[in-house]
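Written below as structure tokens is the structure these notes are about.
Numbers here simply count residues along the sequence, with the first being 1.
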Amino acid sequence: APVADSAQPLRLDADFELLLPGPGAVHLWLPELALPEQPIAVSGSLRNRPQGLAIEQARIALGDIEVRADGMFKHEGQFDVKLTASGPDASALSGPVRVELPGQPFRLSARLAGDAALLEVRDIEATLGDSRLEGEVTWAQGAERRLQARLHVRPGGVHGRLRQRQPRCC
């Protein structure tokens, strides 16, 4: 049997599907993540390509909430991933994001790209109820940290009803 050698990686591909009855296993690794008590389904593919690791048709479903990802993590430490998230009730995410969200349908899509020094969130399109947000954000760190954002908000019926949740401790 071949022995793993980091100088000559085996470059295995993987298809995965995991069904959990609830967030118990996730809480073992991330106890501060307040997930609702709902079944979790995870599926997708990991493909080794000459330029890096491709994530294809990755999907996480928590009850009616769904997150999808497709993209590439390059060997040089760069990444480019398209994310989408949607669900019928944003308030189900109030715990994990620590912001009170209204019980409105939501959808978020964005492309995340960058490396250890730069994060670009491009092609942001988000809806929450009748409200809509579009734009892009860039965060650069190094000798000088820099945040640049271009966001366009069209308020709807939920405008002004988001409240920061108090952080939980211990």
Side-chain angles (χ1 to χ4, degrees), residues 11 13-16 18 26 29-30 32-35 40-165 167:
R11 301 205 194 292
D13 294 340
D15 294 321
F16 56 92
L18 178 64
V26 176
W29 294 298
L30 302 166
E32 69 283 351
L33 191 60
L35 294 174
I40 300 172
V42 180
S43 61
S45 299
L46 299 174
R47 300 283 180 247
N48 278 285
R49 305 281 186 246
Q51 66 271 34
L53 180 66
I55 297 174
E56 298 175 349
Q57 300 176 9
R59 176 182 175 268
I60 300 173
L62 176 62
D64 293 334
I65 297 170
E66 181 176 86
V67 177
R68 292 186 173 269
D70 285 281
M72 176 71 66
F73 289 87
K74 296 182 180 177
H75 296 300
E76 300 81 31
Q78 300 162 323
F79 60 91
D80 188 353
V81 179
K82 171 75 173 179
L83 290 175
T84 61
S86 62
D89 182 357
S91 68
L93 293 175
S94 293
V97 300
R98 296 191 173 119
V99 173
E100 286 294 327
L101 297 169
Q104 297 283 326
F106 72 95
R107 178 166 174 72
L108 169 67
S109 67
R111 179 169 294 285
L112 282 68
D115 56 30
L118 178 71
L119 171 64
E120 295 178 324
V121 184
R122 298 178 289 202
D123 306 325
I124 300 169
E125 292 183 8
T127 58
L128 177 59
D130 294 333
S131 297
R132 184 172 177 84
L133 173 95
E134 297 174 337
E136 56 192 47
V137 175
T138 301
W139 169 255
Q141 59 184 22
E144 183 178 303
R145 292 182 179 174
R146 185 180 76 247
L147 174 68
Q148 294 179 320
R150 183 193 58 78
L151 300 171
H152 178 264
V153 178
R154 188 192 80 210
V158 297
H159 180 65
R161 290 194 286 175
L162 301 181
R163 296 183 310 273
Q164 180 68 36
R165 198 180 245 199

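Taking CG of L93 as the start and CD of E100 as the end, the distance is 12.0 Å to the nearest 0.5 Å. Atom OG of residue S109 and atom CG of residue D123 lie 8.0 Å apart, to the nearest 0.5 angstrom. A distance of 8.0 Å separates CG in L119 from OG1 in T138, rounded to the nearest 0.5 Å. Of the inter-residue distances, the one linking Q51 atom CD with D80 atom CG reads 11.0 Å to the nearest 0.5 angstrom. With values rounded to the nearest 0.5 angstrom, E125 atom CD is found 11.5 Å from T84 atom OG1. Atoms CD1 and CZ, on I65 and F106 in that order, are 4.5 Å from each other to the nearest 0.5 Å.
A donor-acceptor contact shorter than 3.5 Å links the side chain of R154 to the backbone of D130. Of the possible polar contacts, one joining the S94 side chain to the L101 backbone as a donor-acceptor pair under 3.5 Å is found.
A 4.5 Å side-chain heavy-atom check between D15 and R47 finds at least one atom pair inside the cut-off. Side-chain atoms of W139 and V121, non-hydrogen and from C-beta on, never get closer than 4.5 Å to each other.
Contact between A90 and P102 at its shortest, heavy atoms only, is CB-O, 3.5 Å. Considering every non-hydrogen atom in both I124 and E136, the closest pair reads CD1-CA, 3.9 Å. Contact detail for A113 and R122: the closest heavy-atom pair is CB-NH2, 3.1 Å. Between G52 and M72, the shortest heavy-atom distance links the atoms C-SD, 3.6 Å. Counting all heavy atoms, side chain and backbone alike, I40 lies closest to V42 at CG2-CG2, 4.0 Å. Contact between I55 and F73 at its shortest, heavy atoms only, is CD1-CE1, 3.2 Å.
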request  = Could you give me the CA-CA distance, side-chain angles and deciding distance for D64 and D89, then say whether side-chain contact (heavy atoms from CB on, under 4.5 Å) is met?
outcome  = CA-CA 8 Å; D64 293 334; D89 182 357; over 6 Å; no

task = Just do the salt bridge (Lys or Arg N to Asp or Glu O under 4.0 Å) check on E76 and K74 with the steps written out, would you?
result = CA-CA 5 Å; E76 300 81 31; K74 296 182 180 177; 6.0 Å; no

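The existence of a salt bridge linking D70 and R59 is excluded, since no basic side-chain nitrogen approaches an acidic carboxylate oxygen closer than 4.0 Å. Under a 4.0 Å N-O distance rule, the pair R68/E66 qualifies as a salt bridge.
The number of heavy-atom neighbours closer than 6.0 Å to CG of D13, taken from other residues, nucleotides and ligands shown, is above 12. Within a 6.0 Å sphere centred on CD of Q57, other residues, nucleotides and ligands contribute 12 heavy atoms or fewer. By the neighbour-count criterion of 12 heavy atoms within 6.0 Å, atom NE2 of H152 is sparsely surrounded, having that number or fewer from other residues, nucleotides or ligands.
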